[in-house]
Structures are given as structure tokens and as C-alpha cells.
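Letters go in sequence order (proteins before strands), and every chain restarts at 1. Both backbone and side-chain heavy atoms feed into the values below; hydrogens, waters and symmetry mates do not.
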Amino acid sequence: MSTLVIVESPTKARTIRNYLPSSYQIEASMGHVRDLPSSADEIPTAYKDKRWAKDFGVNVENDFEPIYVVPKTKKKVVQKLKDALKEADELILATDEDREGESISWHLLQLLKPKVPVKRMVFHEITREAIQKALQDCRAVDEDLVHAQETRRILDRLVGYTLSPLLWKKIARGLSAGRVQSVAVRLLVERERERRAFQSGDYWDLKALLEQDKSPFEAKLITLDGKKLATGSDFDPDTGKIAEGRDVVLLNETQANALKERLIDQTWTVSNREERATKRRPYPPFTTSTLQQEANRKLGISARDTMRVAQKLYEQGYITYMRTDSVHLSTEAIAAARSCVEQMYGQEYLSPKPKQYSTKSKSAQEAHEAIRPAGNTFRTPKETGLADREFKLYDLIWKRTVACQMADARLTQITVNVDVENAVFRSSGQRIDFPGFFRAYVEGSDDPEAALENREVLLPPLKVGDTPDCKELEAIGHETQPPARYTEASLVKTLEKEGIGRPSTYATVIGTIIDRGYAQMRSKALVPSFTAFAVTSLLEEHFPDLVNTGFTSQMEQTLDEIARGSAHWIPYLKEFFKGEKGLETQVKVREEQIDTIAAKTIRLDNVDAKIRIGRYGPFIEVDNDNEEEESLKVAIPVNLTPADLDPEQIQSLVKQKLEGPDKVGLHPETGEPIYLKKGPYGDYVQLGDKTDDNPKPKQKSLPKGVKPEDVTLEIAVGLLSLPRLLGLHPGTEGKIKADLGRFGPYVVHEFKEEGEKKLQRDYRSLKAEDDVLTVSFDRALELLAQPKRTRGKSSKKPLRELGSHPEDNEPVNIYKGPYGDYIKHGKVNVGIPEGETVEGITLEAAVALLAEKAATKKTTKKATKTAKKKTTKKKTTTKKTTTKKASTG
DNA sequence: CAGTGAGCGAGCTTCCGCTTGACTT
């Protein structure tokens with residue numbers, strides 16, 4: 001008697017193995033095992049000639065019947081499951097209890113066609129009791145829920161595969177649109193429009209430094225003649241003036257200074273004092289979304305990296321599952337958190353009752369627990385022995401989980417009014433009466449001003465009638481600020497709030513919009529591109545419903561009805577796609593309506609010139625007054641986004657195009673002219689004109705830190721004389737040169753190794769203090785003598801030294817790598833096999849593993865070669881996209 | 001890499017979710 005149990009994740013398989021009898025075999029499906037064909041080569045031959053198959057992989061002519069295929073990457077998994085099933089006389093489908101999980105089970109049934117009894121089992125916690133109970137409560141696959149998933153899948157396919165081709169035709173090839181990404185892009189564009197339209201306003205106020213009984217405190221002017229003083233929120237962002245209907249006093253610099261002079265020597269009297277007790281409740285434990293936000297804000301880690309690190313922690317058994325939308329904690333988890341609080345902070349810091357949090361988001365499917373330290377007792381961050389990011393992330397998760405079972409923080413807010421003449425100043429303080437969960441956790445904030453709130457601000461014990469001394473009075477000017485750009489954190493937060501996207505996709509959505517050229521990351525901000533503006537405008541104008549934040553939640557409502565059996569999926573899709581206002585009809589109509597030129601043209605507020613999306617990127621088009629002549633076209637440098645483009649920028653770009661490049665001077669030796677030019681990759685100098693005889697005049701980029709206005713003839717000549725020969729290496733007689741490369745200035749040592757014909761090159765980057773034009777021979781030797789900076793982190797120190805290899809006496813060590821711990825000997829690396837530990841492995845075992853690896857290396861040469869290609873591609877993503885653009889012409 | 005924005009018209013690009021492999025250090 002044996003039972004095959006299929007779960008989604010291999011880690012889960014490993015853990016539940018401990019709670020099931022040995023006659024149970026546990027396998028993982030690794031997520032979905034079938035999907036719609038992603039491209040033409042995946043379409044089965046039977047459907048190859050069908051239009052609908054090629055366009056959608058869904059039969060839109062016949063009740064949206066989908067073609068499901070096993071993707072190449074999943075063939076192995078499916079085979080393994082089939083083999084495992086042959087040995088079993090019972091099948092238990094234990095995929096997650098949400099829409100996608102139910103669907104995976106259904107697909108498994110379709111694929112495996114089991115002849116043995118089948119049960120569907122669901123569990124939310126991986127404990128012996130929970131799994132035993134789940135085994136008792138098996139059910140059948142819920143077909144309605146499966147239909148809801150299919151509807152979601154098909155709808156996304158229809159939206160994506162109709163709108164994207166429309167964009168190829170109307171705007172640029174390779175673009176994409178989708179239910180999730182297009183809304184995300186639109187959010188960025190809308191915010192950028194607000195920022196462009198924003199009119200800043202100035203206002204002044206006074207800050208006083210007062211002193212009572214030798215204790216200083218600060219107070220700010222709040223009213224004048226009983227009228228409220230204007231602050232940033234009183235301004236209308238569209239005009240930069242005080243918003244209509246606001247009865248406030250606006251001070252300019254002169255008025256503020258005059259007021260200051262008038263008030264400084266007067267008598268200041270405390271007129272009012274108020275105290276207000278408040279509470280702060282701890283935050284709920286982490287979901288994927290809140291973890292990504294906090295890791296981004298507090299640790300500066302991107303959503304993608306957060307997930308990568310969390311996955312590691314999960315696989316190594318440190319935390320529970322990291323893709324979840326639930327804040328629910330198991331009773332064991334609550335008990336563990338409470339025991340942590342008692343031990344580390346004491347009974348008084350414990351919340352009086354165990355706290356269970358409930359998920360607010362309507363779209364939540366709650367197939368998993370909140371993200372928390374794994375197990376029935378939590379290891380403290382120190383006990384884990386983790387390091388670097390893994391430690392920091394675990395620490396964050398541990399603190400948040402423990403804090404959620406702690407007592408509320410109790411604060412007292414104190415406000416004191418101080419009158420002087422016709423003005424009232426206010427001083428605000430905050431006293432923490434009991435820190436409660438603050439002891440463990442203070443949430444990071446998008447708004448640094450708000451983060452400061454958590455700090456204690458103490459005031460001297462003032463009472464009404466006190467007359468503090470005014471030590472200093474300062475007039476301070478302020479400028480209202482435009483709304484902040486989205487960061488990864490705030491975008492994820494908004495998407496989750498609107499129910500758009502799922503825990504498993506937040507990080508990839510951001511990746512997609514960057515990959516497609518819809519946005520770029522500038523420090524932490526997501527800045528939309530010109531393409532994003534063009535695409536968003538088109539979609540807003542012609543498909544407003546689809547790019548509305550409400551679209552997904554409407555869809556979700558219908559999916560819920562389908563899941564409950566109260567709605568049918570085919571009529572819904574029919575209406576959505578084939579209906580009078582359906583997508584198919586709309587796309588057809590709009591395709592004729594949309595003018596290609598107009599779609600590629602971007603209108604920006606307060607910019608007259610037209611911006612157009614060309615094949616090689618965005619350019620400015622200035623119409624000529626003379627109708628006969630062609631309009632003027634000026635390329636916009638890459639990395640310049642709509643955010644940077646103001647009328648002055650355009651002016652300067654147009655001017656350069658019209659008047660030609662600035663001439664720096666004539667080359668002292670050849671007499672050729674030297675130009676300073678603006679290229680798509682920045683400013684550069686060029687020697688001579690481009691002619692038929694000289695099709696490739698010498699050009700050199702300005703190094704970082706050199707501004708175009710600083711370029712003298714001397715600098716230009718110097719740059720154009722690069723590479724500069726510094727001398728010959730004393731050891732090898734090889735040439736040492738200095739030059740500018742793609743990654744900045746460098747020195748290189750060129751030499752030939754004994755017997756080798758090929759020239760070897762040893763590169764070192766110059767440091768910030770070095771100048772490529774003047775760097776000396778000695779300095780170059782010094783740099784070359786330094787070891788190459790190892791890429792990545794502190795992977796230098798071995799975790800464990802095993803000893804020296806019997807063959808060559810070279811050390812055999814164990815290191816920590818991004819792909820797990822591994823054994824290193826010379827250039828051969830081999831991962832530690834499953835079941836072995838860093839501590840347990842012997843030198844003999846390691847030597848055997850290394851020999852095995854060295855033997856297989858020859859046979860897998862082909863595989864590593866293709867893989868190498870992949871990584872280099874990845875490394876040079878930025879370059880790739882730009883060269884791609886340049887080479888399509 | 002470096003001044004374009006179109007066209008002979010093959011075949012291609014593209015969606016959202018669920019998972020960990022491939023890679024190597």
C-alpha cells in the first residue's frame with residue numbers, strides 16, 4: 001500500500017515527509033505544470049493552421065476552449081510524477097488551497113489520468129496535527145474554482161495578446177500591455193504628469209528658540225491676529241498659490257523678517273497647555289507585500305532581491321512561506337511569539353490577549369500563513385548564525401512577528417501655546433509613557449517627517465502664565481514640493497491595495513515594466529519613459545476601462561461568483577471579448593481609428609515641441625514655418641526621461657542641432673577642428689569632420705565629472721590622444737596604457753605569456769582621485785600590483801578549511817556562495833550534496849566529489865557555454881538594450 | 001556604439017501566476 005502525495009514546492013514536500021508514514025511518497029509539481037502555449041513553437045501540430053491558436057492559444061470561435069501544453073521546462077517534472085504514480089495505489093493532491101492551487105490539481109488529474117483513487121487534501125499549517133486532520137478531511141477537486149482560474153488565465157491572455165500587437169502597430173515593436181502591468185505603468189505616468197504640472201509655492205514662517213528655567217524648547221508660529229499661518233497644505237498644486245477658500249496668512253521673506261524684528265524683544269507668555277494620551281498598536285505580521293515594502297525602505301533591498309533572500313530563508317527552514325497575502329498566524333506561532341516577548345522583554349510587554357490579525361484586502365486568497373520565523377519556537381536572529389542580507393531580513397521578520405504580540409505603546413502628546421503680541425507660537429512634545437512594541441519594532445516610512453514622529457520630544461514642565469525667554473527667532477522659507485515619485489515600495493503598496501497582481505508577481509511586475517523600457521530606476525524612484533507616456537495615453541483614450549485601477553477588482557468579483565457557482569465562465573468571457581463593447585470589436589474599431597503618427601506623439605504640459613517615439617528612441621520634432629521644408633528632428637539622449645525635459649532642455653538640444661556642435665579649437669599638430677558634441681550616450685569630443693575619406697573620426701566620451709563647459713582645448717586634445725602609452729612593465733616588457741572604457745578610466749598591462757601567442761590584458765580601474773590624462777607610470781604599476789577587486793561580497797573567507805588536496809597540496813575549502821555552500825579546489829567548485837553538512841564533510845569525501853565534478857565537466861561543456869552567454873547578457877543589460885536600438889536600423 | 005525616424009514585408013515580439021531549476025562562486 002503506497003500513496004503519492006503531490007504538493008507545489010519541494011521544500012514543503014521535504015517538511016511534510018516528516019509527518020506522514022513512510023509508505024507515503026511526496027513529490028513537488030513546482031507550480032503549474034501546464035499552460036497556454038506561450039508562442040508559435042509550442043502549438044500542437046493539430047492546431048498549427050488555426051488563426052485563433054496562433055493569436056491566443058484559445059479557441060475564441062468556440063467557447064474559449066484553451067489549448068494546454070506542458071512547457072519544455074516542465075516536461076521532466078511531469079515525467080517524474082508519472083513514474084511516481086505507477087508505484088502508487090492512491091493519489092493525494094495537496095496543492096495550495098487557492099484558485100491557482102486548485103487549478104494545478106485539476107491539471108495534474110488531466111495529465112496523469114490516474115487509475116487509482118484520488119483525493120484532494122488541503123492544509124494551512126505544517127504541523128503533525130494539521131496534516132493528520134487534513135488527511136481525514138479530503139474532498140474532490142472543486143471544478144468551479146478551477147473554472148475561475150481558467151477564466152482569469154484566458155482573460156489575461158486575451159487582454160495581453162490583443163493590446164500588445166496593437167501597440168506594435170501603432171507605437172513600437174516589442175511593447176506590451178496587460179491587465180496588471182499597464183495599470184502599474186499608468187500609475188507612474190499619472191504621478192509624473194502631476195509632477196510636471198506642479199506649481200511650487202513659497203511661504204515663510206518663524207521658529208523660536210525659547211527657554212524656561214534653563215530648559216530650551218522650540219516653538220513655531222501658527223497664528224497671526226487669530227488667523228492661521230499658511231503651510232504647504234494650503235497651497236493649490238496647480239497654481240502655486242493659496243487654494244481658494246483658505247482663510248490663512250501668507251508671509252513673504254520681508255514680512256517674516258519684519259515680524260521677527262518686532263517680536264523678538266517682546267514678552268512671551270504661555271497661554272495654553274494640553275496633554276493628550278494616545279496609543280499605538282503593533283503592526284500585523286508580514287505578508288509578501290509588506291515585507292517587500294519594509295525591506296525596500298529599511299534595508300534598501302529591491303523587491304526581487306527580497307524575494308530571493310526570503311526564498312533562501314524558507315528553503316533552509318528559517319521562515320514560513322514567503323509568497324502570501326495573509327496576516328493569519330497559527331496558534332503555535334502566536335504562542336512562540338508570546339514566549340519570545342516574555343523571555344526577552346518581560347511579562348509587562350506582552351499584549352494582554354493573544355492577537356490574531358485579519359486580512360483587509362478583499363482579493364486575498366489566504367492559502368498560507370503570514371511570513372514569520374518557522375517552527376514552534378522562534379530562533380532569535382543571533383541564534384541563527386545567519387549573515388548579511390539573510391540575517392537582516394530574518395531579523396526584520398523576527399522583530400515584526402514578535403512585536404505583533406506585544407502591548408500597545410502608550411504616548412502622551414503635549415501642545416503648548418505661547419503668545420507674543422498678536423502672534424501665537426506652538427510647541428509640540430511627545431512623551432513615551434510605555435514603549436510597548438516599540439521596543440522591538442518601529443515601522444519604516446515613506447515619509448521621513450512621519451518617521452520622526454516616533455521619536456520622543458520632551459518639553460520643559462511649562463504652565464500657563466510662564467514667561468519663557470526668547471533666545472533666538474529665525475525666519476524660515478519653505479517651498480511646496482511636488483508629489484513624490486513611486487518607489488518599488490510604494491508601487492507594491494498601491495498595487496496590493498487595489499488588488500492588482502499577486503504575491504508571486506509584485507517583484508516581476510516591476511521587472512517587466514523596466515525591461516520593456518517603460519520606466520527606469522533612479523536611486524529608489526521609478527521614473528516613467530516617453531514610451532510609457534505614449535502607451536498610457538493610447539490606452540487611456542481607447543481602452544479606459546482596462547487601465548482603470550478598478551478593472552481587476554471587478555474581474556475578481558466575477559471570478560468569485562464563478563467560484564461559488566453563481567456565474568458561468570463562458571458567458572462572462574463571451575461578453576468581455578465578443579460583446580458589443582467587447583475587446584475584440586473594440587480593438588478592430590480602434591485599430592482603424594488610431595492614427596499612427598498621433599499615437600507616437602507625446603504631448604507634455606508646458607512644452608510646445610512635439611515629442612515622438614521613433615525607431616531609435618524618442619526625438620523632438622519642431623515644425624518648420626516654411627511648409628515646404630522638412631521639420632527639424634532632434635534625438636533625445638538616452639536616460640533623459642519626460643521628467644527631465646523642460647523648455648530650456650529642448651532649446652539647448654535644438655540649438656545644438658541647428659548651429660552645429662561647439663568647436664573647442666584646432667588640434668595643435670594636425671590643425672583639424674575638435675568638436676564638443678552631445679550624443680545619445682552623453683557628451684563626447686570628436687577630432688575632424690566626418691567625410692567620405694574619414695568616415696569614422698576619432699571620438700571620445702567625457703569622463704565622469706568633466707562637464708561640457710569645462711572642456712578646454714587641452715583636455716580635448718588629451719582625451720583624443722588616448723590610449724596613452726605610459727611605459728613598459730619592468731617584469732614582462734609589456735605595454736602599460738591608460739584609456740577610457742565603457743566603465744570609465746582604466747590602466748591596462750598587455751603582455752605575452754611564455755609560449756602563448758595571444759596577448760594577455762590585465763585591467764584595473766582608476767580610482768576617483770586619479771586622472772586618466774595625467775596618471776603616472778608609477779601609479780599605474782601600483783594599481784596593477786593591487787589584487788583585482790573581487791566582485792560581489794565578502795566571499796573570501798572560507799566557512800571551513802578541509803586541508804590540502806593529496807594531488808597538488810592546494811587547499812580544499814568550503815565557501816558560502818549565492819547558490820549555496822560549495823567546496824573549492826583551485827578552479828573546480830562543487831556544491832555540497834544534499835544530506836551532507838558543512839561540518840560533517842571530510843577531506844576524502846570532498847576530494848571524491850571534486851574528481852567527479854572534474855570528470856563531468858568535459859561532457860557538459862556545451863551546456864556551460866550557452867549558460868555563460870546567458871550570464872554575460874544579463875550583466876550588460878543596459879548595454880544590450882541600447883545596442884539593440886542602434887542595430888535595428 | 002555616435003546623427004537615423006521609411007521601405008522590399010519572413011517571422012517575430014506579447015499576457016499573469018504558480019514554482020524552482022539551469023547557471024556558478
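Mapping A:Val159 and A:His368 onto DNA chain B by nearest heavy atom places A:Val159 closer to the 5' end of the strand.
Using a cut-off of 4.0 Å between Lys/Arg side-chain N and Asp/Glu carboxylate O, A:Lys312 and A:Glu390 are scored as not salt-bridged.
Across B:dG9 and B:dT13, the matching C1' atoms stand 16 Å from one another, rounded to whole Å.
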Whenever both distances are under 3.5 Å in a Watson-Crick or G-U wobble pair, mark it; put DNA chain B into dot-bracket that way, with [ ] for crossing pairs and | when the partner is on another strand. .........................

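Put simply, the side chain of A:Arg152 and the base of B:dC16 share a donor and an acceptor less than 3.5 Å apart. For a distance-only test at 3.5 Å, the side chain of A:Tyr675 fails to qualify as a donor-acceptor partner of the base of B:dA2.
The distance between atom NZ of A:Lys76 and atom C1' of B:dT20, rounded to the nearest whole Å, is 12 Å.
Of the listed nucleotides (B:dG5, B:dG17, B:dT20), B:dT20 has the atom at the smallest distance from the side chain of A:Arg323. Picking from B:dT19, B:dA6, B:dT14 the nucleotide with the shortest atom distance to the side chain of A:Pro10 gives B:dT19. Here the nucleotide nearest the side chain of A:Arg179, chosen from B:dC15, B:dT20, B:dG17, is B:dG17. Side chain of A:Asp156, nearest nucleotide from B:dA6, B:dC16, B:dC18: B:dC16. Residue A:Ser176 has its side chain nearest to B:dC15 when only B:dC15, B:dT19, B:dG17 are considered. For A:Ser9, the listed nucleotide lying nearest its side chain is B:dT20; candidates were B:dC16, B:dG7, B:dT20.
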What N/O pairs connect the protein and nucleotides 9-13 of chain B at under 3.5 Å? Give each pair on its own line.
from	atom 1	to	atom 2	distance (Å)
B:dT13	O2	A:Gly174	N	3.0

Please list, one pair per line, the donor and acceptor atoms closer than 3.5 Å that link side chains of residues 69-79 of chain A to other protein atoms, with sequence neighbours excluded.
from	atom 1	to	atom 2	distance (Å)
A:Lys74	NZ	A:Met30	O	3.0
A:Lys74	NZ	A:His32	O	2.6
A:Gln79	NE2	A:Asp83	OD1	3.1

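In B:dA10 the O4'-C1'-N dihedral to the base is more than 90° from 0, which defines an anti nucleotide.
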